[in-house]
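All remarks here apply to the structure that follows.
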Amino acid sequence: SSMGDSEDMRLWGLLSRLQWLTSRYLMNAGRDDAAIRDVSRGQGKVLTLLKLKPEISQKDLTVLMDMRQQSLGELLSKLEKKGLVVREPSEEDRRKVIVRITDEGRAEAEKLGERPTVEFAFFDCLTDEEKARGLVTASAGNHAQGVAYAAQASGVAATIVMPTTTPLVKVNNTKDYGANVVLHGEVFDDAAELAAQLAEEQGLTYVHPFNDLTLATGQGTIAYEIFQDLPDVDVILIPIGGGGLAAGVSTLAKLLNPNVEVIGVEPTGAASMKASLDAGHVVTLDRVETIADGVAVKTPGDQIFPYIQQNVDRVLALEDSELVEAFLDIMERHKMIVENAGLLTVAALKHLDCKGKNVVSILSGGNMDVITMASLVQYGLINRGRVFTFSVMLPDRPGELLHVADIVAHQKGNIIKLEHNQFVSINRLSKVELRVTLEAFGHEHKAAILKALQSEGYDAQLVDSTAIYG
């Protein structure tokens, strides 16, 4: 049966909705001490810390919880029998620990360190035999680091296969967590093929980065965090590569509020999920080409695909050039570094009518190397008219270069590079080429500088350049 039809998932959804509605009820009543938190541990296994005000009656909560009027006591009884609910520890302990459910159904306190929750929770679902065999996975970077970190902390050997095009920062970070990193293929799918081969040949346990319902369930808790911070969210935007994040978040979001709109976002050069949804089944693209390496996937996950079909309302495909604009917006306005895959949801905002709506963009990673950042900054500044290059022919005589510089200075342009080519013509006394790269305030300012040069008799022509310092 599907994840949505299982008893555990039904209870998970009811409990999550209870948590959300209870939080809203207490908030509207002027109370702020409904400390409710969950940790995902496998398909539908949710641990909850409940601290409800005593004056909130079961009747009140029953009305809030479920239109079908299911008894709160009955719900909690079922959850307790399944070992999915434990009562809250002391206030001091709550600040220091999380509580988890053991395989035997006992509640244990565990120190909460700085760690990727989903991968650690997934490790709890592995048997000792699976861990002892060692792990292997394929990833463009984020999942790789999570698995490597969790494996190192658990004393488990991990091999991570990454595409050769993976940014250096992701490769080095994964190595720093003690994993054996193998670079193979141009895209994720090539790396995944080798990882599956290593799992079969060496008997390793394969941890799929997105086509796994357990991991998708853990990633889905992002939706609960969104509803905690913004109960009245109208739209949630999710980057899509293989679809695990989108499947988990959209499924829980629809359980919490069926009316919330969930929109997936892909690059046009790797829109495998959109193509699959259009076809009604999972399809494989011939090739992918995008600067968003974190979502460069040819084939979406077949296990999570039904949940995408059911819970994602639509998928947008965006050009890479839009990610450049989004990068500058996020960096300049919010002082954040977000990798290209995460920027998809920011770039998508320009395609939506967001007026009067509460919209959440999920930023799914910040793993970007310095060279990529430099390239995005250059392209972004050029696209916005804040840096441009013009070429002008001058007679080779004293004062001409100074005259051009004076015109630019009068228009408040800032010259950052000059190229003076005396060999553009056989008769250099007749003409030489001057190329000037300068900073401006935008396209209008750029046009004003060019107009000023032309009014002084210089036939200044824009040069199509994609590099400032090249």
Inset, instruction - May I ask you to test the I263-V315 pair for a side-chain heavy-atom distance under 4.5 Å? - result: no
Legend entry - Minimum heavy-atom distance L245-Q219, with the two atoms named: N-OE1, 3.1 Å
Legend entry - Residues E419 and K417 bridged, charged N to O under 4.0 Å: yes
Legend entry - Pair Q197, E201: side-chain N/O donor-acceptor within cut-off below 3.5 Å: yes
Inset, instruction - Show your reasoning for whether side-chain hydrogen bond (donor to acceptor under 3.5 Å, both in side chains) applies to Q454 and D459. - result: CA-CA 5 Å; Q454 291 164 356; D459 185 21; 5.0 Å; no
Inset, instruction - Supply the atom-to-atom distance I308 CD1 to T251 OG1, rounded to the nearest 0.5 angstrom. - result: 7.5 Å
Legend entry - Any I160 side-chain heavy atom under 4.5 Å of N180 side chain: no
Legend entry - Check against side chain to side chain contact (heavy atoms under 4.5 Å, CB included), F441 and K446: CA-CA 7 Å; F441 304 136; K446 177 177 72 174; over 6 Å; no
Legend entry - Minimal non-hydrogen separation, P300 against F210, with atom names: C-CE1, 4.0 Å
Inset, instruction - Might you point out which heavy atoms bring A138 and P209 nearest each other, and give the distance in Å? - result: O-CG, 3.1 Å
Inset, instruction - Evaluate the ring planes of F188 and H208, with Trp represented by its six-membered ring, and classify them as parallel (under 30°), tilted (30 to 60°) or perpendicular (over 60°). - result: perpendicular
Legend entry - Greater than 12 external heavy atoms within 6.0 Å of Q309's CD: yes
Inset, instruction - Please indicate whether E186 has more than 12 foreign heavy atoms, meaning atoms of other residues, nucleotides or ligands, lying under 6.0 Å from its CD. - result: no
Inset, instruction - Heavy atoms only: give me the nearest S250-A247 pair and the separation to one decimal. - result: OG-O, 3.3 Å
Legend entry - Heavy-atom pair of closest approach, residues T345 and L363: OG1-CD2, 3.8 Å
Inset, instruction - Show your working on side chain to side chain contact (heavy atoms under 4.5 Å, CB included) between R384 and E325 and close with a plain yes or no. - result: CA-CA 8 Å; R384 292 184 173 187; E325 289 287 311; 3.1 Å; yes
Legend entry - NZ/NE/NH1/NH2 to OD/OE distance under 4.0 Å, K298 and D286: no
Legend entry - Salt bridge present between R435 and E433 (N-O < 4.0 angstrom): yes
Legend entry - K254, NZ: over 12 other non-hydrogen atoms inside 6.0 angstrom: yes
Legend entry - salt bridge (Lys or Arg N to Asp or Glu O under 4.0 Å) partners of R386, counting only residues at least two apart: E332
Legend entry - G413 to I449 - nearest heavy-atom pair and separation: CA-CD1, 4.1 Å
Inset, instruction - Decide yes or no for V404 and L434: does some side-chain heavy atom of the first lie under 4.5 Å from some side-chain heavy atom of the second? - result: yes
Inset, instruction - Show the numbers, then the answer: is there a side chain to side chain contact (heavy atoms under 4.5 Å, CB included) between V282 and T299? - result: CA-CA 7 Å; V282 173; T299 308; 3.7 Å; yes
Inset, instruction - Please find out if less than 6.0 Å separates the ring center of H443 from that of F388. - result: no
Legend entry - Close side-chain approach of M331 and V377, heavy atoms under 4.5 Å: yes
Inset, instruction - Start with the C-alpha distance between K357 and D232, add both sets of side-chain angles, then the distance that settles salt bridge (charged side-chain N to carboxylate O under 4.0 Å, His left out), and finish with yes or no. - result: CA-CA 9 Å; K357 296 180 180 179; D232 295 326; over 6 Å; no
Inset, instruction - Check whether more than 12 heavy atoms from other residues, nucleotides or ligands sit under 6.0 Å from atom CG of L462, and answer yes or no. - result: yes
Inset, instruction - Give the C-alpha distance, both sets of side-chain angles, the deciding distance and a yes or no for salt bridge (charged side-chain N to carboxylate O under 4.0 Å, His left out) between R287 and E289. - result: CA-CA 7 Å; R287 61 192 297 269; E289 185 174 350; 2.8 Å; yes
Legend entry - Pair K170 + E339, salt bridge at N-O below 4.0 Å: yes
Legend entry - Side-chain donor-acceptor pair present, N142, N367, cut-off under 3.5 Å: yes
Inset, instruction - Please lay out, stage by stage, how L237 and V360 fare under the test side chain to side chain contact (heavy atoms under 4.5 Å, CB included). - result: CA-CA 6 Å; L237 293 159; V360 173; over 6 Å; no
